[in-house]
2 protein chains.
Amino acid sequence: MKARKRTRIEDIRREELIRAAHRVFLAQGLAGLTTASICAEAGMSPGILAYYFRGKEDVLFQMVRYNNRILMEDIVHRMRAAATPWDRLVAIIEGNFPAANYDRAAANAWLSVCAAASTNPEYARLQRTFYRRLASNLASCLRPVLTGDRLDALILTIGVMIDGLWLRRASDDSMTRERAVTRLHDQIVASLTPAELQSLRQTPAPH
Amino acid sequence: MKARKRTRIEDIRREELIRAAHRVFLAQGLAGLTTASICAEAGMSPGILAYYFRGKEDVLFQMVRYNNRILMEDIVHRMRAAATPWDRLVAIIEGNFPAANYDRAAANAWLSVCAAASTNPEYARLQRTFYRRLASNLASCLRPVLTGDRLDALILTIGVMIDGLWLRRASDDSMTRERAVTRLHDQIVASLTPAELQSLRQTPAPH
DNA sequence: AAATTTCTTGTATGATTATACAACTTTTTG
DNA sequence: CAAAAAGTTGTATAATCATACAAGAAATTT
């Protein structure tokens, strides 16, 4: 009983703080995240952070994990609702450009994590995990029609273009979500033969 | 005589400081750039910076302009040495992945500027100028065989992939320069018909 | 309800860092 | 060479911010 209750409150506060950090993150990137700004967003006193976390870095890291997790869960959810491999592919693309979020601020947030990954091995590991999952999701859609080098190549191109389109968003307001999704969409269509494409659109999705 | 001499020393110091800032930048990204680190790298006292610049932001901004300028000059130089439009295209690609520089640190540097662009309109303007020049260089290679939407689409894909491949480099050491260049190269080949490709390889470069 | 544990607050401390500036040195001018 | 101007130094100052912590409030236990 004692251990249960303590654990529950601890978990609640930790999650509140992580979610508050995440809101600040999406609005201002890693640079806007100060101990004070996180606690203020959560409606708590600045001292509380040290009580529930080892320090600011601890919150930041868990917040980025949280960010990647909800992104990935959303994508998996979209994929489950898709009937064909092609629809699953579209689900991945649209999930990587959330309608409510494709803006300068979110681009900044994403880029600041990528920049951190080049310095901090823990963040780099997180990013690689994210890319591995993306690659695995893409492979599950494309394997019916592609194998070997062509499969690897298209997976890399798609992943790289997703990042590149986010990066472009950081400085170019004319890069709308629609433009990004369409460009990626068309590029994939152009990378497949009509027969391959038709096969993706007709075969039902696996399990 | 008086004005000449003063201007000369001013220009020398300014350039020394900008170049010093650029070395720190390539090694540590924008985050590593403190007034002290710049001046130490230049072998000067920390106070000197305020004498020749309005402040730290002033140096940083001019340093990024310097960075973009030498990058673009290198690309133009490579393009001049190319005989066919195809070779000019390869020159652009290779110029965007300088052999000596495609590493984690440089990726961090580049990303930190892109992240800054999402917050700071001046940096955003700089980036857009850079992309516009890249697009114009690509167009000069591709216009012999492509027009309209297909031209625009390929230009966007190439630009976006360059950035995406840099971004991937930040967290993935297995993303070598060769892999990046090859992927981009192959993607362009796959986006053109054999006839278009042959035309690019045979037609001599304009002027 | 008293004692104890858990939780929360606000502030103090120390580190980092941009900037201003007074003092000093070197170069230029007359 | 003396005076003035230009260039350079090192430090003082003030701002920002992460972290530690003492003190107090709330909840739980006995």
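This structure is a prediction, so every number in the text was calculated from the model and none was measured. So you know, we letter chains A, B, ... as the sequences are listed, proteins then strands, and number each from 1.
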Please give, in whole Å, the distance from [N] [atom2] to [X] [atom1]?
X        : N       : atom1 : atom2 : result
Ile12(A) : dT8(C)  : CD1   : C1'   : 15 Å
Ile38(A) : dA18(D) : CD1   : P     : 8 Å
Arg14(A) : dT8(C)  : CZ    : C1'   : 15 Å
Asp11(A) : dT6(C)  : CG    : P     : 15 Å
Ile48(A) : dT11(C) : CD1   : P     : 15 Å
Leu17(A) : dA18(D) : CG    : C1'   : 15 Å
Leu49(B) : dG10(D) : CG    : C1'   : 15 Å
Glu10(A) : dT6(C)  : CD    : P     : 9 Å

Which one, [options], comes nearest to the side chain of [X]?
X        : options                  : value
Thr34(A) : dT9(D), dT8(D), dA18(D)  : dA18(D)
Thr35(A) : dT19(D), dT9(C), dG7(D)  : dT19(D)
Lys56(B) : dT19(C), dG10(C), dC7(C) : dT19(C)
Ile9(A)  : dA18(C), dC7(C), dT9(D)  : dC7(C)
Pro46(B) : dT11(D), dT9(D), dA18(D) : dT11(D)
Arg13(B) : dT8(D), dA18(C), dG7(D)  : dT8(D)

**Q.** Whether over 12 other heavy atoms sit under 6.0 Å from Arg133(B) CZ
**A.** no

Q | Atom CG of Asp149(B) with >12 non-hydrogen neighbours under 6.0 angstrom | A | no

Q | Presence of Tyr51(A) side-chain N/O under 4.0 Å of dT8(C) phosphate oxygens OP1/OP2 | A | no

Q. Can you name the nearest heavy-atom pair linking Arg179(B) to Ser174(B), along with the distance?
A. NE-O, 3.2 Å

(Q) So Gly47(B), base contact, sugar-phosphate only, or nothing? Heavy-atom distance under 4.0 Å. (A) base

Q: Report which part of the nucleic acid Phe53(A) touches: base, sugar-phosphate, or nothing (heavy-atom distance under 4.0 Å, all strands).
A: nothing

Q.
Between Phe97(B) and Trp110(B), is the ring centroid distance below 6.0 Å?
A. no

Q: Examine the side chains of Asn96(B) and Tyr102(B) and answer whether a donor and an acceptor come within less than 3.5 Å of each other.
A: no

